[in-house]
Number of protein chains: 2
Amino acid sequence: MGKAGDQYSVLPVAKAMQVFAYVASQAHDVTLTEVVQALGMPKTTVFRYLQTLSAAGLFAHDIVQDRYGVGNRFRELARVDALYHSLRSTAEGELDELVDDFRETVNLAVLADHEVVYVDIREATRSQRFQARIGHRHPVHSTSLGKAMAAFLPLEAVERLVRPQFEQRTYRTLTDARTFRRHVEETRKRGFAIETGENEDGVTCIGVPILDGKGYPIAAVSLSAPDTRMRATAERAAGALQDAARRITATLPPISLHTSV
Amino acid sequence: MGKAGDQYSVLPVAKAMQVFAYVASQAHDVTLTEVVQALGMPKTTVFRYLQTLSAAGLFAHDIVQDRYGVGNRFRELARVDALYHSLRSTAEGELDELVDDFRETVNLAVLADHEVVYVDIREATRSQRFQARIGHRHPVHSTSLGKAMAAFLPLEAVERLVRPQFEQRTYRTLTDARTFRRHVEETRKRGFAIETGENEDGVTCIGVPILDGKGYPIAAVSLSAPDTRMRATAERAAGALQDAARRITATLPPISLHTSV
DNA sequence: CAACGAATTTCGTTAAGCGAAACACCGTTG
DNA sequence: CAACGGTGTTTCGCTTAACGAAATTCGTTG
């Protein structure tokens, strides 16, 4: 339990985290003096940390009883993390199998701020020249990942993604709202998304959504390969991706990001 | 989102919590520069916070990829909080009903560090002179709460509670290991615990355990009243407490504190 | 191999975190 | 009713240690 030390540790932060850990692990809401006695820190210091953490929303300060407990913001963060953690850890095995099976690049992504964010990537092939990286973002309209998720969003949510003029990534990129809506609609009926050189010249992608317990698309998996190689395996790929997505859905915790908050 | 401000806020802590919130809400593990760009803080500062939070175990630092993500310690705290939060919020209504029904003091407690810790208390009657307070602790051996939980613990765990000589709280308090084991055994057979003036002169308590999904006693509820008044209602009280405990158990999340870690 | 981007390390400045102590505010007690 | 003990809040100087610019290392890329 090195409280200080680690060369670059910021002491106020480290100590505040001790307070945090203490409060979070108590079954009851705590008082200032209780924390002081438990951790042996000066009263003023603990007071300030409790105030700071409350102001940040991680704690809730019950003014009436003068007690501090874990706050909603913390629970919200924990909920989101639990979902994403579960997503990544159970997706891991599925991604591996897909790579083994198809020897092509496999992507896992979520939707954030109207963009596709890559969460995990398995590269089977050599030239990783133009591959995305974890954390990188691509547009919704030019990726199979984006279209797969959009297709299973409620209509209002889809409309919030629509732009009068989408960014043109390649000469094949769809750029108008009308075409985007049509692609989304086709994807919904088909059950998986196809994107052919719309995001990157010469690269075709098949994407399927990963739905949470409530049927909301929380993420998507895709297989991407050069057009030439993809043509033969597109159908089988779609099936394999859908199977993987279903299995991932099955192990997700029963919480939804869309309903909460 | 008052980042600073609140009179007593400690800036390093407040800013570190921004970093914390950002990292926790991303679906992927993040890099230093990603956080820097997202939050607009100086590189050095963010670096130090990431180091500090990693040292505290709240983050996990993937050295290979140089990425930071939520750590196990955070998840552990979140798990504990979720359980206790659920316990308290669903117990609330039950406690109210018990107080309404019996017009006597009702207690909710957990076991921590070999002691009974009061988590919630409803006082029906006037003289709150000697009532416990939230966060206060009482011995296991002298309370119905403690005996109720001990009775449903595995034997090794019970033995860890045994002392050669227990504290004598009243002239009726059991003080030897032998008697304690006998009480625990009787409580297990009976299904609820009785304590008559062993913790406090003239006060009788009936306690029942609240079991988690795995059958471990995570908490206990008790009804306490003057000996005289309790005699008549003891049987009915035990039944009502057991019903309440069962209902609380049913709504608890499917996590156990005893298996994890 | 040069050049870039990203993470670490150094270092001097100065702001601000710190904690003792004083203060205010109960609820309690004799 | 007044004194008390225990809590939370506020003040106030001291000095520490947080800060961030810049330099450095490291790895990657063209």
Side-chain angles (χ1 to χ4, degrees), chain A residues 3-19 23 28-56 59 61-69 121 123 126-136, chain B residues 3-19 23 28-56 59 61-69 121 123 126-136:
Chain A
K3 51 175 64 176
D6 293 320
Q7 169 110 263
Y8 291 115
S9 269
V10 178
L11 263 72
V13 175
K15 285 186 289 180
M17 289 308 99
Q18 287 189 52
V19 172
V23 173
H28 61 279
D29 288 353
V30 302
T31 61
L32 169 59
T33 37
E34 190 179 338
V35 180
V36 167
Q37 284 163 9
L39 302 182
M41 294 179 187
K43 191 167 52 161
T44 318
T45 303
V46 174
F47 174 68
R48 276 189 278 247
Y49 294 159
L50 290 173
Q51 292 282 324
T52 306
L53 293 170
S54 298
F59 283 176
H61 182 194
D62 180 347
I63 307 282
V64 189
Q65 310 235 52
D66 242 312
R67 284 177 175 278
Y68 298 84
I121 294 164
E123 294 156 358
R126 45 273 119 185
S127 100
Q128 57 194 77
R129 190 75 60 86
F130 294 102
Q131 295 290 10
R133 289 289 145 86
I134 291 177
H136 283 194
Chain B
K3 50 178 66 177
D6 292 324
Q7 170 106 263
Y8 292 114
S9 269
V10 178
L11 263 73
V13 175
K15 285 186 288 181
M17 290 306 99
Q18 288 188 52
V19 172
V23 174
H28 61 279
D29 288 353
V30 302
T31 61
L32 168 59
T33 38
E34 189 179 338
V35 180
V36 167
Q37 283 162 10
L39 301 182
M41 294 179 188
K43 191 168 52 160
T44 318
T45 303
V46 174
F47 174 69
R48 276 189 277 248
Y49 293 160
L50 290 173
Q51 292 284 322
T52 306
L53 292 170
S54 297
F59 283 175
H61 183 195
D62 179 347
I63 307 282
V64 189
Q65 311 235 50
D66 242 312
R67 286 177 173 276
Y68 298 84
I121 295 164
E123 293 157 357
R126 46 271 117 183
S127 103
Q128 57 194 77
R129 190 75 60 86
F130 294 100
Q131 295 290 9
R133 290 288 144 85
I134 291 176
H136 283 194

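As the structure is a prediction and not an experimental result, all values here were calculated from the model.
Atom CZ of F47(B) and atom P of dT24(D) are 18 Å apart (whole Å). Rounded to an integer number of Å, the gap from L11(A) CG to dA17(D) P is 7 Å. In this structure, L50(A) places its CG atom 16 Å from C1' of dG19(C), rounding to the nearest Å. Counting to the nearest Å, the P atom of dT24(D) and the NZ atom of K43(B) are 14 Å from each other. Rounded to whole Å, the distance from CD1 on I63(A) to P on dC25(C) is 16 Å. Distance Q7(B) CD to dT11(D) P: 7 Å, rounded to the nearest Å. What separates CE of M41(B) from P of dA18(D) is a distance of 16 Å, to the nearest Å. Rounding to whole angstrom units, CZ of residue R48(B) and C1' of dT8(C) are separated by 11 Å.
Look at K15(A) and you'll find a side-chain N or O under 4.0 angstrom from OP1 or OP2 of dC18(C). Dashed line: the shortest gap from a side-chain N or O of Y8(A) to OP1 or OP2 of dT8(C) is not under 4.0 Å. Contact check, Y49(A) against dC18(C): a side-chain N or O comes under 4.0 Å of OP1 or OP2.
Place P12(A) and E34(A) on DNA chain D by their nearest nucleotides, and E34(A) ends up nearer the 5' end. Checking L32(A) against V10(A), the closest nucleotide of DNA chain D that is more toward the 5' end is the one next to L32(A).
The side chain of T45(B) sits closest to dC19(D) out of dA23(D), dC19(D), dG17(C). Comparing dT11(D), dC19(D), dT9(C) against the side chain of T44(B) picks out dT9(C) as the nearest.
Here the CD-OH distance, from E34(B) to Y68(B), works out to 12.5 Å after rounding to the nearest 0.5 Å. Here I134(A) contributes atom CD1 and I121(A) contributes atom CD1; the two are 6.0 Å apart, rounded to the nearest 0.5 Å.
T33(A) comes within 4.0 angstrom of sugar-phosphate atoms only, judged by non-hydrogen atoms across all strands, and of no base.
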